[in-house]
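Some notes on the structure that comes next.
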Amino acid sequence: RSGHVFEGRYKATPVQDERYLLSLIRYIHRNPVRAKMCERVDAYRWSSDHFYRHHELDFVRIDLLLGILANDQKVALQEYSRLMEIVDEEQEKQIKEADYSGSEAFAMVVEPRKAVPPRKSLDEILLGTGLSIEEYEQVKAGSRKHSLQCFKAAYAQEASKQGYSMRSMREIGIHIGLTDSAVNKYMGSGY
């Protein structure tokens, strides 16, 4: 067998916003209609829709959703039925693409910032400029050969991209025998 039931992980979407939750439930319950498996949401017997429509408190916790719709049970069931008839293709597209729904603070809890990959060492950056071992040794020894300037510039620029800040200009420069001002020159150079 193949398909979502047998392969891969289901999609779990953390939700903070009640309106989005209502749209999400509608999206899920309307899947069989979109797939042309039935003409109406209530005609698909394998979804949790019937728990809501018949107020069955067995397997599905319907009180949360119905409580959002209305305090009165009868009104909530009417609102639920009305909600399931709404077709909003733009919102369905957004739901399909969303990883979470909520505030920026909620997003930070749900999906904390990815760990910043470790930056390369200054030697790795220097070697990554494409110079030969002989040229590498010359640069490390502080050679002022004109042919090495493009490597020094590439090194200084990449070191900055890797997170070596202005505070580290001295460290970047000392590593290849340059002053802070020379590193700064290479940072803005057209090499």
Side-chain angles (χ1 to χ4, degrees), residues 1-28 30-31 34-35 61 64-65 68 88-191:
R1 303 265 178 182
S2 67
H4 293 296
V5 174
F6 301 100
E7 296 174 354
R9 187 177 183 275
Y10 66 92
K11 181 174 180 177
T13 305
V15 175
Q16 181 185 32
D17 181 88
E18 289 180 348
R19 286 184 325 197
Y20 187 83
L21 177 62
L22 294 172
S23 298
L24 190 59
I25 295 291
R26 182 180 68 226
Y27 174 83
I28 292 166
R30 290 193 58 79
N31 272 335
R34 274 192 303 283
R61 206 176 139 209
L64 175 67
L65 182 75
I68 293 170
D88 185 342
E89 291 177 11
E90 183 60 34
Q91 192 171 51
E92 289 175 1
K93 181 181 176 196
Q94 291 172 357
I95 288 171
K96 197 171 185 178
E97 296 170 357
D99 292 326
Y100 69 91
S101 170
S103 67
E104 185 70 28
F106 182 69
M108 293 296 288
V109 171
V110 170
E111 190 174 298
R113 300 285 184 234
K114 306 278 189 275
V116 177
R119 65 183 181 185
K120 293 179 181 177
S121 72
L122 291 173
D123 279 326
E124 290 172 314
I125 293 170
L126 182 56
L127 286 167
T129 62
L131 41 64
S132 68
I133 296 298
E134 182 182 324
E135 291 167 324
Y136 169 82
E137 289 172 359
Q138 290 173 354
V139 169
K140 290 289 285 187
S143 172
R144 294 179 174 248
K145 284 185 174 177
H146 184 70
S147 62
L148 299 175
Q149 288 182 353
C150 62
F151 298 115
K152 291 177 182 181
Y155 159 78
Q157 292 165 4
E158 183 59 27
S160 176
K161 285 181 192 172
Q162 289 284 325
Y164 291 91
S165 65
M166 293 303 281
R167 222 180 47 209
S168 302
M169 288 298 143
R170 184 171 178 84
E171 180 185 3
I172 293 169
I174 289 172
H175 194 72
I176 60 171
L178 294 175
T179 64
D180 303 8
S181 59
V183 170
N184 209 17
K185 176 186 140 208
Y186 282 123
M187 297 285 288
S189 74
Y191 283 99

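Remark: side-chain polar atoms of Glu137 are not paired, donor with acceptor, to backbone N or O of Glu134 under 3.5 angstrom. With hydrogens and angles disregarded, no donor-acceptor distance shorter than 3.5 Å links the side chain of Gln138 to the backbone of Ser143.
Judged by distance alone, the side chains of Glu135 and Ser132 do bring a donor and an acceptor atom under 3.5 Å apart.
When each of Ile125, Thr129, Leu126 is paired with Glu158, the side-chain contact (heavy atoms from CB on, under 4.5 Å) condition holds for Ile125 and for no other.
Taken from NZ in Lys152 to NZ in Lys145, the straight-line distance is 11.0 Å, to the nearest 0.5 Å. Rounded to the nearest 0.5 angstrom, Ile133 CD1 and Leu127 CG are separated by 6.0 Å. For the atom pair CG of Leu21 and CD1 of Ile68, the computed distance is 5.0 Å after rounding to the nearest 0.5 Å. Note that the OH atom of Tyr20 and the CD1 atom of Ile25 stand 11.5 Å from one another [nearest 0.5 Å]. Rounded to the nearest 0.5 angstrom, Glu18 CD and Leu24 CG are separated by 13.5 Å.
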TODO: May I have the step-by-step check of side chain to side chain contact (heavy atoms under 4.5 Å, CB included) for Asp123 and Lys140, ending in yes or no?
DONE: CA-CA 9 Å; Asp123 279 326; Lys140 290 289 285 187; 3.1 Å; yes
TODO: Test Tyr155 against Val139 for side chain to side chain contact (heavy atoms under 4.5 Å, CB included), laying out the working first.
DONE: CA-CA 11 Å; Tyr155 159 78; Val139 169; over 6 Å; no
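Side-chain atoms of Arg26 and Asp88, non-hydrogen and from C-beta on, do get closer than 4.5 Å to each other.
Every side chain to side chain donor-acceptor pair (under 3.5 Å) that Asn31 has, sequence neighbours left out, goes to Arg34. For the side chain to side chain donor-acceptor pair (under 3.5 Å) test, residues two or more places apart in sequence or in another chain that qualify with Ser23 are Gln91.
Contact detail for Leu122 and Ala159: the closest heavy-atom pair is CD2-CB, 4.0 Å.
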